[in-house]
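So the structure is just underneath, and the comments pick up after that.
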Amino acid sequence: MKSIVVQVPEPVYEDFHRHALKSERLDSDLIREAMEWYRKAYMGHRTSLRDRQPASVGGPIRPMEGDDDLLGGMIHDSRD
């Protein structure tokens, strides 16, 4: 494991320390857990849309006709 030194405002550290005492854990455990949560939430592997495979959503509701308005059809579904 890598040791690091981090400077944080006193109120932030006091909150972590108080919570660690209440939960009978070490301050460092909470900080490691918070860093891991942040890493997964914001730094995780993200794929490009170009890398994704298209999803099948079935066939059309009805065949298109020459005067169909695609945007209007998406906004006002005839199934309603």
Side-chain angles (χ1 to χ4, degrees):
M1 223 179 274
K2 175 77 174 164
S3 294
I4 61 172
V5 175
V6 179
Q7 294 184 349
V8 295
E10 284 288 329
V12 172
Y13 176 74
E14 288 169 8
D15 285 346
F16 266 85
H17 183 68
R18 241 187 325 275
H19 186 75
L21 289 174
K22 270 196 275 186
S23 58
E24 298 180 355
R25 298 174 67 193
L26 297 174
D27 302 352
S28 56
D29 288 340
L30 293 182
I31 293 166
R32 267 193 297 278
E33 186 178 301
M35 288 180 70
E36 182 61 22
W37 175 85
Y38 185 91
R39 185 177 73 92
K40 286 179 180 177
Y42 295 104
M43 300 166 61
H45 178 68
R46 304 223 173 155
T47 58
S48 165
L49 286 178
R50 294 178 194 275
D51 297 334
R52 296 184 181 238
Q53 296 297 314
S56 174
V57 293
I61 297 170
R62 63 176 175 76
M64 283 185 61
E65 298 174 10
D67 62 342
D68 278 345
D69 174 16
L70 292 178
L71 180 60
M74 287 186 264
I75 296 172
H76 305 289
D77 190 339
S78 62
R79 297 177 292 178
D80 293 340

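Quantities reported herein were computed from a predicted structural model and do not represent experimental measurements.
Under the salt bridge (charged side-chain N to carboxylate O under 4.0 Å, His left out) criterion, D27 pairs with no residue, sequence neighbours left out. Residues meeting the ring-ring contact (aromatic ring centres under 6.0 Å, His included) test with Y13, sequence neighbours left out: H17. Considering only residues two or more places apart in sequence or on other chains, E14 meets the side chain to side chain donor-acceptor pair (under 3.5 Å) condition with none of them.
Taken together through direct or relayed side-chain contacts under 4.5 Å among Ile, Leu, Val, Met, Phe, Trp and Tyr, M35 and W37 form parts of separate hydrophobic clusters. Linking ILVMFWY side-chain heavy atoms closer than 4.5 Å, directly or via other members, places V6 and Y42 in two distinct hydrophobic clusters.
Interatomic distance, I4 CD1 to R32 CZ, rounded to the nearest 0.5 Å: 10.0 Å.
Of all non-hydrogen atoms in L30 and F16, the two that sit nearest each other are CD1-O, 3.4 Å.
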